[in-house]
A.B. asks: 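Once you've had a glance at the structure underneath, I'll fire off some questions.
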Amino acid sequence: MIQRQLPPWARIDHPVLRYIIGSEPEGSRQRTYSRWIFVLVVSVVVAVVGYAIGSQFFAEDLFEKPISEALMLMLFWPIFAIQIILSISALAMTVGVIGEEKRRQTWDHLRTTTEGASLAIRARWSAVVFYRLRSPMIIVMLARVVLIGAMLYDLTAFRGDYLNNLTVNITPELPLPVAVMLLALTMTASFLLPFTSVGFDAAVGLLVSTVVQQRVYVTLVQIALISVRVAIILGLLLGVTQFRTGGLELSNVNLWLLLFAFAALGDWSLSILHLGYFGAVVWIDVEYSILIGAALLVFVFVQTLITDGLLALAVRRAERRE
């Protein structure tokens, strides 16, 4: 059913996509079971590693903490690391694809199909976003499901009046229905950001592949792009960490922008799913921070439009260079 919702060039039975990922139409039941077993095992490892890191860092049993806080401490750092790897992988898998196809003398074959360059570029993007990075993406999304479940459980505290208590002393003052709507927008943005962010990184890589095609330069560009991407993430993480420890003095506007940038470009709104901190502390300390979730959803749509524009530009460049 999901396959039918995708455009033709993103479906597994499309000949160009099948050529790119080197597989037949969707595999046997055994391969499907194996993939889910792999995801399950890695998810358990992530939780165990997160528990070990959290317990050592906080020098106490995480299970003595509220469930939402314990889950965030267990899951945040492993999932944050997986998300960085996803971003790096999306760039690394796409930066040199056209040059590699030309060295294998298969680029001309791809371009001879109907709308050749367009299909080759978009199918390559789909292969990376929907198929090759599918397993780590499932783990990232499973973590979000768990954290959102914990958030919804938190909302039942104080006889269901927890959210109302959180919004009493914030700016702007909002009626409870509006706060509920903003919280729903936050959860939606958190679900969509991993897909749009990985898609954006893959589109950037494909655009670069139409410009740089010699292997030595491709390697240098890969290193440069990955270094810049990681530097942005770690820089934003450092800023947010200093804010949380009280070591950062910025105006309210700059703090809002820092939190928004980290949620959009850093942890893909993962930390926002912890109401015990974000709702109880950030909403009070940073004015209008309750609106970050809505702003992130706008960012998701803008990032999607930019990604589509980058793919269209990559197609035009690929056609014009030949």
Side-chain angles (χ1 to χ4, degrees), residues 42 45-46 49-50 53-54 57 72-97 99-100 124-125 127-129 132-141 143-144 189-190 192-209 211-212 215-245 247-248 250 254-255 257-273 292 296 299-300 302-304 306-307 310-311 314:
V42 173
V45 171
V46 165
V49 171
I53 294 174
F57 185 78
M72 179 59 72
L73 293 175
M74 287 174 60
L75 295 176
F76 179 81
W77 292 110
I79 297 302
F80 184 66
I82 291 174
Q83 290 177 175
I84 294 177
I85 294 172
L86 272 171
S87 184
I88 292 173
S89 299
L91 285 169
M93 289 180 178
T94 52
V95 166
V97 293
E100 184 62 28
R124 178 71 67 171
W125 180 87
V128 171
V129 176
R132 289 180 173 168
L133 297 178
R134 176 165 48 185
S135 293
M137 186 69 76
I138 290 174
I139 295 170
V140 167
M141 300 312 297
R144 280 167 164 73
S190 179
L192 296 177
L193 266 169
F195 292 105
T196 60
S197 297
V198 171
F200 175 80
D201 289 331
V204 169
L206 286 169
L207 179 59
V208 171
S209 75
V211 180
V212 182
R215 183 173 297 175
V216 61
Y217 295 126
V218 166
T219 301
L220 292 175
V221 170
Q222 273 185 340
I223 295 173
L225 285 175
I226 291 171
S227 299
V228 170
R229 187 73 179 92
V230 173
I232 290 173
I233 295 173
L234 296 182
L236 291 170
L237 175 63
L238 177 61
V240 170
T241 301
Q242 289 181 336
F243 162 72
R244 295 189 65 166
T245 57
L248 188 66
L250 293 173
N254 289 332
L255 281 177
L257 291 174
L258 172 64
L259 294 169
F260 171 78
F262 180 64
L265 304 173
D267 75 342
W268 299 342
S269 77
L270 189 64
S271 57
I272 291 181
L273 296 178
I292 288 178
L296 286 172
F299 175 82
V300 164
V302 172
Q303 191 175 50
T304 301
I306 294 175
T307 298
L310 291 175
L311 288 175

A.B. asks: How close do T307 and G199 get, heavy atom to heavy atom, and via which atoms?
C.D. replies: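 Minimum heavy-atom separation between T307 and G199: CG2-O, 3.6 Å.
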A.B. asks: Once you round to the nearest 0.5 Å, how far does CH2 of W125 lie from CG of L311?
C.D. replies: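 Reported to 0.5 Å precision, the distance equals 6.5 Å.
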A.B. asks: Within a strict 4.5 Å, meaning less than it, do heavy atoms of the F200 and L310 side chains meet?
C.D. replies: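 Yes, at least one pair of side-chain atoms sits under 4.5 Å.
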A.B. asks: Quick one: does F299's side chain get under 4.5 Å of T196's, heavy atoms only?
C.D. replies: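 No; the side chains remain at least 4.5 Å from each other.
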A.B. asks: Is there a side chain to side chain contact (heavy atoms under 4.5 Å, CB included) between W268 and I79 once you walk through the steps?
C.D. replies: CA-CA 10 Å; W268 299 342; I79 297 302; over 6 Å; no
A.B. asks: If you compare all heavy atoms of D201 against all heavy atoms of L91, which two are closest, and at what distance to 0.1 Å?
C.D. replies: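 Minimum heavy-atom separation between D201 and L91: O-CD2, 3.3 Å.
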A.B. asks: What's the separation between atom CZ in R244 and atom OG1 in T241, rounded to the nearest 0.5 Å?
C.D. replies: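 Answer for the CZ-OG1 pair, R244 versus T241, is 7.5 Å.
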A.B. asks: Side chain to side chain contact (heavy atoms under 4.5 Å, CB included) between L192 and T304: does it pass, once the steps are laid out?
C.D. replies: CA-CA 10 Å; L192 296 177; T304 301; over 6 Å; no
A.B. asks: If we only count heavy atoms from C-beta on, is the S89 to L133 side-chain gap below 4.5 Å?
C.D. replies: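 In short, these two side chains touch, coming nearer than 4.5 Å.
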A.B. asks: Counting C-beta onward and ignoring hydrogens, is there a side-chain heavy-atom pair between I88 and V230 closer than 4.5 Å?
C.D. replies: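 Yes, close enough: below the 4.5 Å cut-off.
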A.B. asks: From L259 CG over to L236 CG, what is the distance, rounded to the nearest 0.5 angstrom?
C.D. replies: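 Reported to 0.5 Å precision, the distance equals 10.0 Å.
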A.B. asks: Evaluate the ring planes of F80 and F262, with Trp represented by its six-membered ring, and classify them as parallel (under 30°), tilted (30 to 60°) or perpendicular (over 60°).
C.D. replies: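 The rings of F80 and F262 sit tilted, inter-plane angle from 30° to 60°.
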A.B. asks: Answer yes or no: is there a side-chain heavy-atom contact under 4.5 Å between L248 and L258?
C.D. replies: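 In contact.
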A.B. asks: With side chains defined as the heavy atoms from C-beta onward, is the minimum distance between L270 and F76 less than 4.5 Å?
C.D. replies: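 A side-chain contact under 4.5 Å exists here.
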A.B. asks: Determine the minimum heavy-atom distance between S190 and R144, stating which atoms define it.
C.D. replies: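 Minimum heavy-atom separation between S190 and R144: O-NE, 2.7 Å.
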A.B. asks: If you look at every heavy atom in Q303 and S197, which pair is closest and at what distance?
C.D. replies: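 Result for this residue pair: OE1-N, 3.5 Å.
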A.B. asks: Return the minimal non-hydrogen interatomic distance between V128 and A90, and the atom names on each side.
C.D. replies: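 Nearest pair, atom of V128 first, then A90: CG1-CA, 4.1 Å.
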A.B. asks: At what distance, to the nearest 0.5 angstrom, does OG of S271 lie from CG of L75?
C.D. replies: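 Here the interatomic distance stands at 13.0 Å.
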A.B. asks: Does some side-chain heavy atom of V300 sit less than 4.5 Å from a side-chain heavy atom of L193?
C.D. replies: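 Side-chain contact under 4.5 Å: yes.
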A.B. asks: Hey, what do you get for CG (L265) to CZ (F260), rounding to the nearest 0.5 Å?
C.D. replies: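 That separation rounds to 7.5 Å.
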A.B. asks: S209 and T94: which non-hydrogen atoms are nearest, and at how many Å?
C.D. replies: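 Distance-wise, the nearest heavy atoms are CB-O, 3.4 Å.
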A.B. asks: With rounding to the nearest 0.5 angstrom, report the CZ to CZ distance, R132 to R124.
C.D. replies: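 It comes to 5.5 Å.
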A.B. asks: Taking Q222 for the side chain and A92 for the main chain, is one N or O donor matched with an acceptor at less than 3.5 Å?
C.D. replies: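 The answer is yes, because a donor-acceptor pair under 3.5 Å joins these two groups.
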